[in-house]
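Contents: one structure, followed by commentary.
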Amino acid sequence: PFDLSDIDVDITTQAIDFINQVVAGQQTDKQCNSRTPFHAVVAFSLPHVAIPPATGKGNAEGYPPNRYSDAIFLLDEQVGRILTAIEDAG
């Protein structure tokens, strides 16, 4: 069976790899560098499907276990990873 439990983590990793490639000038379709603007659409699935996260972390605020709140917690974590990658890229 196809496992979707980590799909949003994988999407985040791909987005971060793209950001790092743009900053390093490794995008082959056009000349890119750290000053080249770029656009990345990162379409997460969690808000729509609410698949329980594979991390097992639950949520930070101690709410009772809930598939939707756990999924939103994981989504927030992934957005944070992307924002950190953008900040690190300069």
Side-chain angles (χ1 to χ4, degrees):
F2 188 67
D3 182 17
L4 294 175
S5 61
D6 282 334
I7 193 163
D8 288 298
V9 174
D10 294 339
I11 289 169
T12 301
T13 301
Q14 291 291 324
I16 291 169
D17 289 346
F18 173 78
I19 292 165
N20 292 334
Q21 288 173 4
V22 168
V23 170
Q26 296 174 351
Q27 286 294 313
T28 58
D29 59 336
K30 66 178 186 174
Q31 189 71 3
C32 295
N33 59 48
S34 62
R35 296 195 179 274
T36 303
F38 66 89
H39 177 82
V41 175
V42 183
F44 293 110
S45 68
L46 283 174
H48 308 288
V49 182
I51 299 167
T55 61
K57 291 182 179 179
N59 55 63
E61 301 299 324
Y63 294 110
N66 174 304
R67 284 179 52 165
Y68 191 74
S69 66
D70 288 353
I72 296 301
F73 177 75
L74 179 62
L75 178 63
D76 184 61
E77 195 173 60
Q78 301 315 304
V79 171
R81 288 180 57 207
I82 292 171
L83 291 175
T84 297
I86 292 170
E87 290 172 1
D88 291 348

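Along the sequence shown, residues are numbered consecutively beginning with 1.
With contacts defined as side-chain heavy-atom distances shorter than 4.5 Å, the pair F44/I7 does not qualify.
Closest heavy-atom contact between I19 and A89: CG2-CB, 4.2 Å. For A43 against I11, the heavy-atom pair with the smallest separation is O-CD1, 3.5 Å.
A side chain to side chain contact (heavy atoms under 4.5 Å, CB included) with V9 is found for exactly one of R81, E77, Q14, namely R81.
The CD atom of Q78 sits 9.5 Å away from atom CG of D10, with the distance rounded to the nearest 0.5 Å. Between the CD1 atom in I82 and the CD1 atom in I16 there is a gap of 6.0 Å [rounded to 0.5 Å].
In terms of the side chain to side chain donor-acceptor pair (under 3.5 Å) criterion, T84 has no residue partners (sequence neighbours excluded).
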